[in-house]
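This report refers to the structure that appears directly beneath it.
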Amino acid sequence: MEWDCPDCSSIYAVGEPSTNIVSDGQSNGSDNLIAAIRAIEADESLTEQQKNKKRQLLMNKGKGVADLDDDDHMKDKAAAHLYCVICIMLPERPITTPCGHNFCLKCFQKWTSRKNLTCPECRGPIPRSVASQPRINAAAVVAIRMAKTSKLISSEALKKVHHFVHNQERPDKAFTTERAKKTGKANACSGKIFVTVPPDHFGPILAENDPDRKKGVLVGEVWEDRMECRQWGAHLPHVAGIAGQSEYGAQSVALSGGYEDDEDHGEWFLYTGSGGRDLSGNKRTNKYQAFDQKFDKMNEALRVSCKKGYPVRVVRSHKEKRSSYAPSEGVRYDGVYRIEKCWRKIGKQEHKVCRYLFVRCDNEPAPWSSDEHGDRPRSLPVIEELKAATDLTERKEDPSWDYDEEESCWKWKRSPPLSRRTMDTRNPEDKKGKRKAKTSAENLSGRDRLLKGLSCTICRNIMRIPVTAACGHSFCKSCLEVAFSGQTFVRERTCAGRRNLRAQKIVMKCPDPQCQIDISESIKNPQVNRGLMGTIESLKLEAEDDSKVVQNPPENKAKSVYKRRKTNNVPLLSNPDGVGKDDKSSEEQKSKSVSGGTEDEMEVESSTTSESNLKTTATKDSSSSTLQAQLNDDDLE
DNA sequence: GGGCCCGCAGGG
DNA sequence: CCCTGCGGGCCC
């Protein structure tokens, strides 16, 4: 069948839905491999060079990346394990199936939208819940980014959810009622604001406005809830979805699933205005729309930001259940977007709603994107509903925030609107006790945070045998098994010894401390994410090589580990069980071995070095030694 | 899990 | 000062 990849628009032929074009080192679908290669050859949109590369990758994935020697393909070697078999590309937004295979979000959605509920790679079942709400695999994003770049990525998401203000630290007088004291959170909105930007500040919050951390608000930062998001200035209102002033513009919006007309495509989304609801009876919100929305108040503020081309900060909340881009927990800062158009249409509830087209324009890559760079100007998506739109507004003047071709970044082209508010009173002055409470996560460098992204939150080591749960979090297989060992999936119940009640399903929450998602389905038969495992393994090898360059003067040329592996006929992945070695924690030793664990572990001697590594910069070397250091820690523990 | 209740901040 | 609001805890 033919397949046009929505990410890259290339057309590919792939085998039957379930065919095994490429599998973990033991392709049993040679016919399909041939078919896929023919398809690449027949593809007229590709240059010879591109075809060669794709062919190589296809073969390469089947054989375990042993063959590539070209330096240009060093990165591919690491990332090749994570290629999407549908489009044979590196996933922009990796999704992992319960069977442990990785795909582009868009390819996956296209696949499942055709009522294919089996894995394109192994025919394993895809649960409806996964098909309807695929979660981006954060560890795979990190792995791909690391494989693609050796640069330090400053914007990488902190993997830890912040919880900065503890109840006991809030001022006593803020609790005006007994109830508020009891619940703790009710008055959290009186918690301190940590950044020094005025409330009507537009655009990213920079390091200079972050007196404590001196980092600013980073793309991908996650807070426990709207209250804490507010404290970091990303989005101030703790109930309302839009922050703004009708005469002045809107500074930020929250996507949290409150309006069913919202439509999220990650780099762009359609947002619905506020209002039109019956809030009589002291309600704060109401699912049902009773009136038409108008371009007034916050809706007008958004329209001003549209006309002026201001950057609008966007946070996504876990409450947005229909979006694959929403975090599975907490509230996440996703960077700035511009509102390119706004209009009105008849919404799903048959009343008019205000509509806004947001398009991302941030200098940092989005949290779900494997890209190593931020946005470039992109052409506007085709919006079907515009045909029936009324009151259309498009920007006429040059945008205030725009892409500078010379500097290759987004910046203010006109001076940002002058703040009408003073920075005031709420600015914290006493932050004493809190500073020392700084967690190690906050002190990590960008590179270290990347490493953290490849670490299992249970054992805190870099994952050896990763399993990705339905919520998109990944763990060592052995850790997951230990964490849920001895638990059954249903509890038999009897009623006074008379008759059996219906068996009760036991909820197994994701071990990620902040994730509340039930992953019992993923635990029943955890499948190793071999793509992720291979990439992590390659990154480790690369880092080992690099650190050799630092430690030893170059002596030995052009004998990459990949080559050696090939000649020694050693399987790609060392010790897939993650057991049996003396460097294992006792917990890991307790766990059972995983399937296919017959390969021997391969030691990589320190004499191994590669010519290509001689070119590495000092920066890279030092960051790789960080990796090396962590790897050693990993081994020692 | 759904409905209810309510404090709070900010706009107007 | 009143109104609005894509929260969040609690109770059922």
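In what follows, every chain begins at residue 1, and chains take the letters A, B, ... in the order their sequences are listed.
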In what stems does DNA chain C take part, counting only runs of at least 3 consecutive Watson-Crick or G-U pairs whose two distances fall under 3.5 Å?
->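 For DNA chain C the paired stretches long enough to count as stems (3 pairs minimum) are B:1-6 with C:7-12, B:8-12 with C:1-5.
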
Sorted by first residue and then second, give each side chain to side chain donor-acceptor pair (under 3.5 Å) pair with at least one member in residues 352-361 of chain A; sequence neighbours left out.
->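 Passing the test, one end in residues 352-361 of chain A: A:Thr272-A:Arg355, A:Lys352-A:Thr390, A:Arg355-A:Glu385, A:Arg360-A:Asp375.
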
Considering residues at least two apart in sequence or located in another chain, which fulfil the ring pair (Phe, Tyr, Trp, His ring centres under 6.0 Å) criterion with A:Phe358?
->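 A:Phe358: ring pair (Phe, Tyr, Trp, His ring centres under 6.0 Å) contacts with A:Phe269, A:Tyr271.
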
Measure the distance from [atom1] on [X] to [atom2] on [N] and round it to the nearest whole Å.
X: A:Asp200; N: B:dG10; atom1: CG; atom2: C1'; value: 12 Å
X: A:His201; N: B:dG10; atom1: NE2; atom2: P; value: 16 Å
X: A:Asn282; N: C:dT4; atom1: CG; atom2: P; value: 12 Å
X: A:Lys283; N: B:dC5; atom1: NZ; atom2: C1'; value: 12 Å
X: A:Asp296; N: C:dC3; atom1: CG; atom2: C1'; value: 12 Å
X: A:Asn286; N: B:dC5; atom1: CG; atom2: C1'; value: 14 Å
X: A:Tyr259; N: C:dT4; atom1: OH; atom2: P; value: 12 Å
X: A:Arg420; N: B:dG12; atom1: CZ; atom2: C1'; value: 11 Å

Which nucleotide in the list C:dT4, B:dG10, C:dG7 gets nearest to the side chain of A:Leu279?
->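 Per side-chain heavy atoms of A:Leu279, the pick is C:dT4.
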
Of the nucleotides C:dG8, C:dG5, B:dG10, which one has an atom closest to the side chain of A:Arg230?
->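 Given the options C:dG8, C:dG5, B:dG10, the side chain of A:Arg230 is closest to B:dG10.
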
Hey, is the side chain of A:Ser274 poking within less than 4.0 Å of OP1 or OP2 on C:dC6, counting only N and O atoms?
->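 So the side-chain polar atoms of A:Ser274 never come under 4.0 Å of the phosphate oxygens OP1 or OP2 of C:dC6.
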
With respect to the phosphate group of C:dC6, does any side-chain polar atom (N or O) of A:Arg322 fall under 4.0 Å of OP1 or OP2?
->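 No, A:Arg322 has no side-chain N/O under 4.0 Å of OP1/OP2 on C:dC6.
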
Taking only residues two or more places apart in sequence, or in another chain, which ones meet [X] in a side-chain hydrogen bond (donor to acceptor under 3.5 Å, both in side chains)?
X: A:Ser379; value: none
X: A:His351; value: none
X: A:Tyr310; value: none
X: A:Glu260; value: A:Gln349

Taking atom NZ of A:Lys345 as the centre, does the number of heavy atoms from other residues, nucleotides or ligands within less than 6.0 Å exceed 12?
->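 Enclosed: over 12 neighbouring heavy atoms sit under 6.0 Å from NZ of A:Lys345.
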
Tell me which residues in residues 297-311 of chain A put a heavy atom below 4.0 Å from DNA chain B, sorted by number, or none.
->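 Only A:Lys297, A:Met298 qualify.
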
Contacts to DNA chain B from residues 242-252 of chain A, heavy-atom cutoff under 4.0 Å, which residues?
->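 Output list: A:Gly244, A:Gln245, A:Ser246.
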
Charged N to carboxylate O under 4.0 angstrom, [X] versus [Y]?
X: A:Glu221; Y: A:Arg213; value: yes
X: A:Asp402; Y: A:Arg414; value: no
X: A:Glu228; Y: A:Arg230; value: no

Mark yes or no for a side-chain to base donor-acceptor pair under 3.5 Å between A:Asp262 and C:dC6, with no hydrogen or angle criteria applied.
->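 Such a pair is found, so the answer is yes.
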
For DNA chain C, determine which residues of residues 337-350 of chain A have any heavy atom closer than 4.0 angstrom to one of its atoms, and list them numerically.
->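 When residues 337-350 of chain A is checked for heavy atoms under 4.0 Å from DNA chain C, there are no hits whatsoever.
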
With A:Ser370, the side-chain contact (heavy atoms from CB on, under 4.5 Å) member among A:Ile144, A:Val142, A:Ile136 =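 With A:Ser370 as partner, A:Ile144, A:Val142, A:Ile136 yield a single side-chain contact (heavy atoms from CB on, under 4.5 Å), made by A:Ile144.
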
For A:Arg303, which residues count as a salt bridge (Lys or Arg N to Asp or Glu O under 4.0 Å) partner, sequence neighbours excluded?
->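 A:Glu300.
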
Over all atoms of both residues, closest heavy-atom pair of A:Ser256 and A:Arg226 |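 Heavy-atom minimum between the residues: OG-NH1, 4.1 Å.
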
Enumerate the residue pairs fulfilling salt bridge (charged side-chain N to carboxylate O under 4.0 Å, His left out) with a member in residues 285-299 of chain A, sequence neighbours excluded, ordered by first and then second residue.
->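 Every pair satisfying salt bridge (charged side-chain N to carboxylate O under 4.0 Å, His left out) with a residue in residues 285-299 of chain A: there are none.
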
Is there a donor in the side chain of A:Gln251 and an acceptor in the side chain of A:Gln245, or the other way round, less than 3.5 Å apart?
->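 Present: a donor and an acceptor within the cut-off.
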
On DNA chain B, check which nucleotide each of A:Gly281 and A:Pro237 is closest to and give me the residue with the more 5' one.
->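 By nearest-heavy-atom nucleotide position, the 5'-most residue is A:Gly281.
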
For A:Val239 and for A:Lys287, locate the closest nucleotide of DNA chain B by heavy-atom distance; then report the residue assigned to the nucleotide nearer the 5' terminus.
->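 First, find each residue's nearest nucleotide; the 5'-ward one identifies A:Lys287.
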
